[in-house]
Protein chains: 2
Amino acid sequence: MASRRTQTLEPESQEQAYLQIGEVAERTGVTQRTLRFYEERGLLKPPSRLDGGFRLYSEDDVRRVEQIKRLQSLLGFTLAEIKEMVEADEVKMQIRASYRKDAAISERRAKLLRAQEVTAGQMTVIEQKLAALQDMKANLAEKLGHYDSWLESLAEQERAQRA
Amino acid sequence: MASRRTQTLEPESQEQAYLQIGEVAERTGVTQRTLRFYEERGLLKPPSRLDGGFRLYSEDDVRRVEQIKRLQSLLGFTLAEIKEMVEADEVKMQIRASYRKDAAISERRAKLLRAQEVTAGQMTVIEQKLAALQDMKANLAEKLGHYDSWLESLAEQERAQRA
DNA sequence: CTTAACCTTGACGTACGCGTTAGATTAGGG
DNA sequence: CCCTAATCTAACGCGTACGTCAAGGTTAAG
(Lines give C-alpha, C1' and ligand atoms only; values in the text may rest on other atoms or scores of the structure.)
Protein backbone atom coordinates (compact mmCIF):
# COMPACT_ATOMS: atom_id res chain seq x y z
CA MET A 1 0.00 0.00 0.00
CA ALA A 2 1.35 3.35 -1.04
CA SER A 3 -0.60 5.74 1.07
CA ARG A 4 1.02 8.95 0.04
CA ARG A 5 0.18 12.40 1.22
CA THR A 6 3.36 14.09 2.36
CA GLN A 7 1.08 16.57 4.08
CA THR A 8 3.04 19.77 4.10
CA LEU A 9 5.54 18.59 1.54
CA GLU A 10 8.78 19.22 3.38
CA PRO A 11 9.48 22.89 3.95
CA GLU A 12 12.72 22.70 2.00
CA SER A 13 14.68 24.65 4.55
CA GLN A 14 12.60 27.18 6.38
CA GLU A 15 10.55 28.07 3.31
CA GLN A 16 6.81 27.96 2.91
CA ALA A 17 4.96 24.71 3.35
CA TYR A 18 3.23 23.93 0.08
CA LEU A 19 0.01 22.00 -0.18
CA GLN A 20 -1.34 19.82 -2.94
CA ILE A 21 -4.84 20.28 -4.21
CA GLY A 22 -6.27 17.47 -2.12
CA GLU A 23 -5.07 18.98 1.11
CA VAL A 24 -6.38 22.38 0.18
CA ALA A 25 -9.71 20.88 -0.74
CA GLU A 26 -9.95 19.08 2.57
CA ARG A 27 -8.98 22.10 4.60
CA THR A 28 -11.25 24.56 2.84
CA GLY A 29 -14.20 22.27 2.34
CA VAL A 30 -14.43 22.83 -1.41
CA THR A 31 -13.78 20.20 -4.07
CA GLN A 32 -10.68 19.95 -6.23
CA ARG A 33 -12.89 20.75 -9.19
CA THR A 34 -13.89 23.99 -7.52
CA LEU A 35 -10.27 24.95 -6.95
CA ARG A 36 -9.40 24.36 -10.60
CA PHE A 37 -12.56 26.20 -11.59
CA TYR A 38 -11.62 29.24 -9.50
CA GLU A 39 -8.24 29.20 -11.16
CA GLU A 40 -9.90 29.10 -14.59
CA ARG A 41 -12.04 32.08 -13.68
CA GLY A 42 -9.13 34.07 -12.34
CA LEU A 43 -10.18 33.95 -8.70
CA LEU A 44 -7.01 32.13 -7.77
CA LYS A 45 -3.73 32.96 -9.41
CA PRO A 46 -2.20 29.95 -11.15
CA PRO A 47 -0.33 28.17 -8.37
CA SER A 48 3.18 26.90 -8.72
CA ARG A 49 3.58 23.37 -9.94
CA LEU A 50 5.56 20.31 -9.08
CA ASP A 51 7.74 19.05 -11.95
CA GLY A 52 5.07 16.53 -12.83
CA GLY A 53 2.42 19.22 -13.07
CA PHE A 54 0.78 18.83 -9.66
CA ARG A 55 -0.43 22.13 -8.25
CA LEU A 56 1.29 23.51 -5.16
CA TYR A 57 -0.72 25.96 -3.11
CA SER A 58 0.45 28.32 -0.41
CA GLU A 59 -1.22 29.18 2.86
CA ASP A 60 -2.16 32.48 1.28
CA ASP A 61 -4.09 30.56 -1.34
CA VAL A 62 -5.95 28.72 1.40
CA ARG A 63 -6.89 32.00 3.01
CA ARG A 64 -8.09 33.34 -0.30
CA VAL A 65 -10.30 30.34 -0.86
CA GLU A 66 -11.82 30.82 2.56
CA GLN A 67 -12.41 34.47 1.76
CA ILE A 68 -14.10 33.53 -1.50
CA LYS A 69 -16.37 31.09 0.28
CA ARG A 70 -17.40 33.68 2.83
CA LEU A 71 -18.15 36.26 0.19
CA GLN A 72 -20.13 33.76 -1.79
CA SER A 73 -22.16 31.76 0.68
CA LEU A 74 -22.65 34.25 3.45
CA LEU A 75 -23.03 37.37 1.43
CA GLY A 76 -24.28 36.18 -1.91
CA PHE A 77 -21.74 37.78 -4.19
CA THR A 78 -21.29 36.24 -7.62
CA LEU A 79 -17.91 34.92 -8.65
CA ALA A 80 -17.61 37.85 -11.06
CA GLU A 81 -18.07 40.32 -8.21
CA ILE A 82 -15.67 38.41 -6.03
CA LYS A 83 -13.15 38.45 -8.83
CA GLU A 84 -13.32 42.22 -8.92
CA MET A 85 -12.66 42.40 -5.20
CA VAL A 86 -9.80 39.98 -5.49
CA GLU A 87 -8.29 41.97 -8.31
CA ALA A 88 -8.62 45.12 -6.26
CA ASP A 89 -6.66 43.37 -3.54
CA GLU A 90 -4.04 42.39 -6.10
CA VAL A 91 -3.71 46.03 -7.09
CA LYS A 92 -3.11 46.90 -3.47
CA MET A 93 -0.45 44.23 -3.19
CA GLN A 94 1.25 45.59 -6.29
CA ILE A 95 1.20 49.04 -4.83
CA ARG A 96 2.74 47.72 -1.67
CA ALA A 97 5.41 45.92 -3.68
CA SER A 98 6.30 48.98 -5.74
CA TYR A 99 6.27 51.29 -2.79
CA ARG A 100 9.87 52.25 -2.20
CA LYS A 101 11.04 51.35 -5.64
CA ASP A 102 10.68 53.33 -8.85
CA ALA A 103 7.96 55.76 -9.81
CA ALA A 104 7.13 59.39 -9.36
CA ILE A 105 5.22 60.49 -6.32
CA SER A 106 2.26 61.64 -8.38
CA GLU A 107 2.00 58.20 -9.96
CA ARG A 108 2.00 56.44 -6.63
CA ARG A 109 -0.59 58.84 -5.36
CA ALA A 110 -2.77 58.12 -8.36
CA LYS A 111 -2.60 54.40 -7.62
CA LEU A 112 -3.35 54.95 -3.98
CA LEU A 113 -6.32 57.10 -4.84
CA ARG A 114 -7.56 54.41 -7.19
CA ALA A 115 -7.23 51.75 -4.52
CA GLN A 116 -8.99 54.02 -2.08
CA GLU A 117 -11.81 54.52 -4.54
CA VAL A 118 -12.27 50.80 -5.07
CA THR A 119 -12.25 50.12 -1.36
CA ALA A 120 -14.76 52.86 -0.74
CA GLY A 121 -17.02 51.29 -3.36
CA GLN A 122 -16.83 47.95 -1.61
CA MET A 123 -17.61 49.74 1.62
CA THR A 124 -20.85 51.22 0.32
CA VAL A 125 -21.99 47.85 -0.99
CA ILE A 126 -21.37 46.29 2.37
CA GLU A 127 -23.09 49.10 4.18
CA GLN A 128 -26.17 48.64 2.04
CA LYS A 129 -26.29 44.97 2.89
CA LEU A 130 -25.71 45.76 6.54
CA ALA A 131 -28.63 48.16 6.56
CA ALA A 132 -30.88 45.62 4.89
CA LEU A 133 -29.87 42.94 7.35
CA GLN A 134 -30.40 45.16 10.37
CA ASP A 135 -33.83 45.97 9.01
CA MET A 136 -34.67 42.31 8.72
CA LYS A 137 -33.31 41.61 12.16
CA ALA A 138 -35.53 44.28 13.63
CA ASN A 139 -38.54 42.78 11.88
CA LEU A 140 -37.77 39.33 13.18
CA ALA A 141 -37.23 40.63 16.68
CA GLU A 142 -40.62 42.27 16.55
CA LYS A 143 -42.23 39.02 15.45
CA LEU A 144 -40.53 37.14 18.24
CA GLY A 145 -41.93 39.68 20.65
CA HIS A 146 -45.41 39.03 19.29
CA TYR A 147 -45.00 35.31 19.74
CA ASP A 148 -43.90 35.78 23.30
CA SER A 149 -46.92 37.85 24.19
CA TRP A 150 -49.25 35.43 22.42
CA LEU A 151 -47.77 32.57 24.33
CA GLU A 152 -48.19 34.46 27.56
CA SER A 153 -51.83 35.16 26.83
CA LEU A 154 -52.29 31.47 26.14
CA ALA A 155 -50.76 30.61 29.47
CA GLU A 156 -53.11 33.06 31.10
CA GLN A 157 -56.10 31.42 29.45
CA GLU A 158 -54.93 28.11 30.77
CA ARG A 159 -54.69 29.39 34.29
CA ALA A 160 -58.17 30.90 34.00
CA GLN A 161 -59.51 27.58 32.68
CA ARG A 162 -58.02 25.64 35.54
CA ALA A 163 -59.52 27.91 38.11
CA MET B 1 -56.55 53.98 -31.07
CA ALA B 2 -57.25 51.75 -28.12
CA SER B 3 -54.66 52.65 -25.54
CA ARG B 4 -55.61 50.55 -22.56
CA ARG B 5 -54.03 50.22 -19.11
CA THR B 6 -56.80 50.81 -16.60
CA GLN B 7 -54.06 51.03 -13.99
CA THR B 8 -55.68 49.90 -10.77
CA LEU B 9 -58.60 48.13 -12.43
CA GLU B 10 -61.52 49.91 -10.73
CA PRO B 11 -61.73 49.19 -7.02
CA GLU B 12 -65.20 47.68 -7.35
CA SER B 13 -66.58 49.55 -4.36
CA GLN B 14 -64.02 50.18 -1.68
CA GLU B 15 -62.35 46.83 -2.16
CA GLN B 16 -58.71 46.14 -2.95
CA ALA B 17 -57.20 47.58 -6.08
CA TYR B 18 -56.03 44.64 -8.17
CA LEU B 19 -53.09 44.82 -10.49
CA GLN B 20 -52.33 42.93 -13.66
CA ILE B 21 -49.03 41.26 -14.18
CA GLY B 22 -47.63 44.09 -16.29
CA GLU B 23 -48.22 46.65 -13.59
CA VAL B 24 -46.70 44.45 -10.93
CA ALA B 25 -43.68 43.84 -13.13
CA GLU B 26 -43.20 47.55 -13.68
CA ARG B 27 -43.57 48.43 -10.03
CA THR B 28 -41.31 45.70 -8.70
CA GLY B 29 -38.70 45.80 -11.41
CA VAL B 30 -38.94 42.11 -12.24
CA THR B 31 -40.20 40.66 -15.51
CA GLN B 32 -43.56 39.03 -16.04
CA ARG B 33 -41.71 35.79 -16.67
CA THR B 34 -40.16 36.05 -13.23
CA LEU B 35 -43.54 36.56 -11.59
CA ARG B 36 -44.94 33.46 -13.30
CA PHE B 37 -41.78 31.60 -12.38
CA TYR B 38 -42.11 32.51 -8.71
CA GLU B 39 -45.68 31.28 -8.85
CA GLU B 40 -44.52 27.97 -10.38
CA ARG B 41 -41.98 27.54 -7.62
CA GLY B 42 -44.46 28.32 -4.88
CA LEU B 43 -42.96 31.64 -3.86
CA LEU B 44 -46.14 33.46 -4.77
CA LYS B 45 -49.52 31.94 -4.12
CA PRO B 46 -51.57 31.55 -7.31
CA PRO B 47 -53.23 34.94 -7.69
CA SER B 48 -56.87 35.40 -8.50
CA ARG B 49 -57.78 35.65 -12.15
CA LEU B 50 -59.92 37.76 -14.39
CA ASP B 51 -62.59 35.82 -16.32
CA GLY B 52 -60.31 35.69 -19.32
CA GLY B 53 -57.52 34.16 -17.28
CA PHE B 54 -55.48 37.31 -16.63
CA ARG B 55 -53.71 37.26 -13.28
CA LEU B 56 -54.86 39.77 -10.65
CA TYR B 57 -52.34 40.60 -7.94
CA SER B 58 -52.90 42.35 -4.64
CA GLU B 59 -50.72 44.92 -2.93
CA ASP B 60 -49.65 42.17 -0.57
CA ASP B 61 -48.30 40.27 -3.55
CA VAL B 62 -46.29 43.31 -4.57
CA ARG B 63 -44.81 43.53 -1.10
CA ARG B 64 -43.93 39.87 -1.17
CA VAL B 65 -42.16 40.25 -4.50
CA GLU B 66 -40.13 43.10 -3.08
CA GLN B 67 -39.27 40.99 -0.07
CA ILE B 68 -38.15 38.15 -2.32
CA LYS B 69 -35.93 40.47 -4.31
CA ARG B 70 -34.28 41.80 -1.18
CA LEU B 71 -33.63 38.35 0.18
CA GLN B 72 -32.22 37.24 -3.11
CA SER B 73 -30.08 40.05 -4.42
CA LEU B 74 -28.96 41.69 -1.20
CA LEU B 75 -28.54 38.65 0.93
CA GLY B 76 -27.89 35.88 -1.54
CA PHE B 77 -30.54 33.41 -0.47
CA THR B 78 -31.62 30.85 -3.04
CA LEU B 79 -35.24 30.66 -4.09
CA ALA B 80 -35.54 27.40 -2.19
CA GLU B 81 -34.43 29.09 1.03
CA ILE B 82 -36.70 32.02 0.38
CA LYS B 83 -39.57 29.64 -0.19
CA GLU B 84 -39.02 28.19 3.26
CA MET B 85 -39.14 31.63 4.80
CA VAL B 86 -42.25 32.50 2.85
CA GLU B 87 -43.90 29.30 3.97
CA ALA B 88 -43.00 30.08 7.55
CA ASP B 89 -44.75 33.39 7.10
CA GLU B 90 -47.76 31.55 5.70
CA VAL B 91 -47.86 29.40 8.81
CA LYS B 92 -47.91 32.53 10.91
CA MET B 93 -50.78 33.92 8.86
CA GLN B 94 -52.69 30.69 9.35
CA ILE B 95 -52.11 30.85 13.05
CA ARG B 96 -53.41 34.39 13.07
CA ALA B 97 -56.45 33.31 11.07
CA SER B 98 -57.27 30.37 13.33
CA TYR B 99 -56.73 32.34 16.48
CA ARG B 100 -60.15 32.61 18.09
CA LYS B 101 -61.65 29.72 16.18
CA ASP B 102 -61.36 26.02 16.84
CA ALA B 103 -58.50 24.11 18.39
CA ALA B 104 -57.24 23.26 21.83
CA ILE B 105 -54.92 25.64 23.56
CA SER B 106 -52.09 23.13 23.57
CA GLU B 107 -52.36 22.80 19.81
CA ARG B 108 -52.20 26.52 19.28
CA ARG B 109 -49.26 26.75 21.60
CA ALA B 110 -47.49 24.03 19.63
CA LYS B 111 -47.98 25.99 16.42
CA LEU B 112 -46.76 29.16 18.05
CA LEU B 113 -43.71 27.40 19.37
CA ARG B 114 -43.01 26.05 15.92
CA ALA B 115 -43.31 29.50 14.36
CA GLN B 116 -41.09 30.89 17.07
CA GLU B 117 -38.52 28.21 16.38
CA VAL B 118 -38.48 28.96 12.66
CA THR B 119 -38.17 32.67 13.26
CA ALA B 120 -35.37 32.14 15.73
CA GLY B 121 -33.56 30.06 13.13
CA GLN B 122 -33.87 32.84 10.59
CA MET B 123 -32.56 35.19 13.22
CA THR B 124 -29.38 33.22 13.79
CA VAL B 125 -28.72 33.04 10.05
CA ILE B 126 -29.10 36.77 9.79
CA GLU B 127 -26.92 37.37 12.80
CA GLN B 128 -24.17 35.27 11.26
CA LYS B 129 -24.33 37.30 8.11
CA LEU B 130 -24.36 40.49 10.10
CA ALA B 131 -21.26 39.44 11.99
CA ALA B 132 -19.47 38.55 8.76
CA LEU B 133 -20.41 41.87 7.23
CA GLN B 134 -19.30 43.87 10.24
CA ASP B 135 -16.02 42.03 10.14
CA MET B 136 -15.53 42.92 6.51
CA LYS B 137 -16.50 46.49 7.15
CA ALA B 138 -13.90 46.75 9.90
CA ASN B 139 -11.26 45.35 7.57
CA LEU B 140 -12.13 47.81 4.86
CA ALA B 141 -12.13 50.69 7.31
CA GLU B 142 -8.67 49.69 8.43
CA LYS B 143 -7.46 49.61 4.85
CA LEU B 144 -8.93 53.01 4.19
CA GLY B 145 -7.05 54.26 7.20
CA HIS B 146 -3.81 52.88 5.77
CA TYR B 147 -4.43 54.60 2.49
CA ASP B 148 -5.05 57.88 4.22
CA SER B 149 -1.81 57.70 6.15
CA TRP B 150 0.13 56.65 3.05
CA LEU B 151 -1.31 59.55 1.15
CA GLU B 152 -0.34 61.89 3.94
CA SER B 153 3.20 60.59 3.98
CA LEU B 154 3.34 61.16 0.24
CA ALA B 155 2.20 64.73 0.70
CA GLU B 156 4.91 65.17 3.30
CA GLN B 157 7.54 63.87 0.91
CA GLU B 158 6.33 66.36 -1.64
CA ARG B 159 6.66 69.23 0.75
CA ALA B 160 10.14 68.08 1.70
CA GLN B 161 11.08 67.83 -1.98
CA ARG B 162 9.87 71.33 -2.71
CA ALA B 163 11.81 72.79 0.17
C1' DC C 1 -66.93 45.16 -34.59
C1' DT C 2 -62.26 46.38 -35.06
C1' DT C 3 -57.88 46.88 -33.27
C1' DA C 4 -54.01 47.89 -30.28
C1' DA C 5 -52.37 46.70 -26.04
C1' DC C 6 -52.22 43.21 -22.89
C1' DC C 7 -52.34 38.66 -21.47
C1' DT C 8 -52.01 33.23 -21.77
C1' DT C 9 -49.38 28.73 -21.96
C1' DG C 10 -45.73 26.11 -23.79
C1' DA C 11 -41.12 25.25 -25.02
C1' DC C 12 -36.52 25.99 -26.02
C1' DG C 13 -32.17 28.85 -24.84
C1' DT C 14 -28.68 30.71 -21.64
C1' DA C 15 -25.27 32.09 -17.93
C1' DC C 16 -23.52 30.61 -13.68
C1' DG C 17 -21.31 27.28 -10.60
C1' DC C 18 -19.82 23.57 -10.24
C1' DG C 19 -20.42 17.64 -10.52
C1' DT C 20 -18.98 13.74 -12.86
C1' DT C 21 -16.90 10.55 -15.58
C1' DA C 22 -12.88 9.18 -18.70
C1' DG C 23 -8.30 8.31 -19.77
C1' DA C 24 -3.70 9.41 -18.98
C1' DT C 25 0.26 10.82 -15.98
C1' DT C 26 2.89 11.27 -11.57
C1' DA C 27 4.61 10.33 -6.75
C1' DG C 28 6.54 7.61 -3.67
C1' DG C 29 6.52 3.43 -0.44
C1' DG C 30 7.82 -1.63 -0.69
C1' DC D 1 10.93 -1.76 -10.69
C1' DC D 2 6.07 -2.11 -9.37
C1' DC D 3 1.95 -0.81 -7.56
C1' DT D 4 -1.48 2.26 -6.05
C1' DA D 5 -3.12 6.64 -4.40
C1' DA D 6 -3.19 11.19 -6.02
C1' DT D 7 -3.35 14.36 -9.62
C1' DC D 8 -3.81 15.97 -14.50
C1' DT D 9 -6.70 17.74 -18.71
C1' DA D 10 -10.76 17.56 -21.44
C1' DA D 11 -15.43 17.32 -21.97
C1' DC D 12 -20.08 16.56 -21.15
C1' DG D 13 -23.97 17.03 -17.54
C1' DC D 14 -26.95 19.32 -14.27
C1' DG D 15 -29.75 22.46 -11.25
C1' DT D 16 -30.93 27.28 -10.71
C1' DA D 17 -33.04 31.39 -12.29
C1' DC D 18 -34.65 33.20 -15.39
C1' DG D 19 -34.69 35.20 -21.08
C1' DT D 20 -36.87 34.73 -25.30
C1' DC D 21 -39.61 33.56 -28.90
C1' DA D 22 -44.04 31.43 -30.80
C1' DA D 23 -48.90 31.14 -31.41
C1' DG D 24 -52.63 32.37 -29.93
C1' DG D 25 -56.76 34.34 -26.59
C1' DT D 26 -58.68 38.71 -23.92
C1' DT D 27 -59.79 43.51 -22.97
C1' DA D 28 -61.44 47.91 -23.73
C1' DA D 29 -61.46 52.15 -26.39
C1' DG D 30 -63.29 54.02 -30.77
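Chain identifiers are assigned alphabetically (A, B, ...) following the order of the sequence lines, protein sequences preceding nucleic acid strands; residue numbering begins at 1 within each chain. All values below come from the heavy atoms of this structure, side chains included, with hydrogens, waters and symmetry mates left out. All values derive from a computational prediction rather than experimental measurement.
The shortest distance between the side-chain N/O atoms of Thr34(B) and the OP1/OP2 oxygens of dG19(D) is below 4.0 Å. Phosphate contact (OP1/OP2 of dT27(D), side-chain N/O of Gln20(B), threshold under 4.0 Å): absent. The side chain of Tyr38(B) places an N or O atom within less than 4.0 Å of a non-bridging phosphate oxygen (OP1 or OP2) of dC18(D).
Rounded to a whole Å, the CD atom of Glu23(B) is 10 Å from the P atom of dC6(C). Straight-line distance from the CG atom of Leu79(B) to the C1' atom of dC16(C): 14 Å, rounded to whole Å. Gln32(B) places its CD atom 16 Å from the C1' atom of dG10(C), with the value rounded to the nearest Å. Nucleotide dA5(C) holds its P atom 14 Å from the CZ atom of Phe54(B), rounded to whole Å. Distance Leu35(B) CG to dA17(D) P: 15 Å, rounded to the nearest Å. Residue Glu39(A) contributes atom CD, which lies 16 Å from atom C1' of dG17(C) at whole-angstrom precision. Rounded to an integer number of Å, the gap from CG of Leu44(A) to P of dG17(C) is 14 Å. Between Lys83(B) atom NZ and dA17(D) atom C1' there is a gap of 15 Å when expressed in whole angstrom units.
Salt bridge status for Arg64(A) with Glu59(A): absent, with no side-chain N to carboxylate O gap under 4.0 Å. Looking at Arg55(A) and Glu39(A), a side-chain N of the basic residue comes within less than 4.0 Å of a carboxylate O on the acidic one, giving a salt bridge.
Heavy-atom distances to DNA chain D give each of Gly53(B) and Ala80(B) a nearest nucleotide, and the one nearer the 5′ end belongs to Ala80(B). Nearer the 5' end of DNA chain C, as judged by each residue's closest nucleotide, is the contact made by Ile21(B), out of Ile21(B) and Thr31(A). Position along DNA chain C of the nearest nucleotide to Asp51(A) versus Phe37(A) favours Phe37(A) as the more 5'-ward residue.
At a cut-off of 3.5 angstrom, counting only N and O atoms as typed in the model, there is a donor on one side and an acceptor on the other between the side-chain of Arg33(B) and the base of dT20(D). Not a single donor-acceptor contact under 3.5 angstrom links the side-chain atoms of Arg36(B) to the base of dT9(C).
Of the N and O atoms on the side chains of Gln67(B) and Arg70(B), at least one donor lies less than 3.5 Å from an acceptor on the other residue.
Here the shortest heavy-atom pairing between Gly22(B) and Gln32(B) reads CA-NE2, 3.6 Å.
Of the candidate nucleotides dT27(D), dC8(D), dA17(D), dC8(D) has the atom nearest to the side chain of Arg55(A). The side chain of Arg41(B) lies closest to dT16(D) when the candidates are dT16(D), dG17(C), dT27(D).
Within the structure, every pair that satisfies the salt bridge (Lys or Arg N to Asp or Glu O under 4.0 Å) test and touches residues 121-141 of chain A, not counting sequence neighbours, is listed here: Glu127(A)-Lys137(B), Lys137(A)-Glu127(B).
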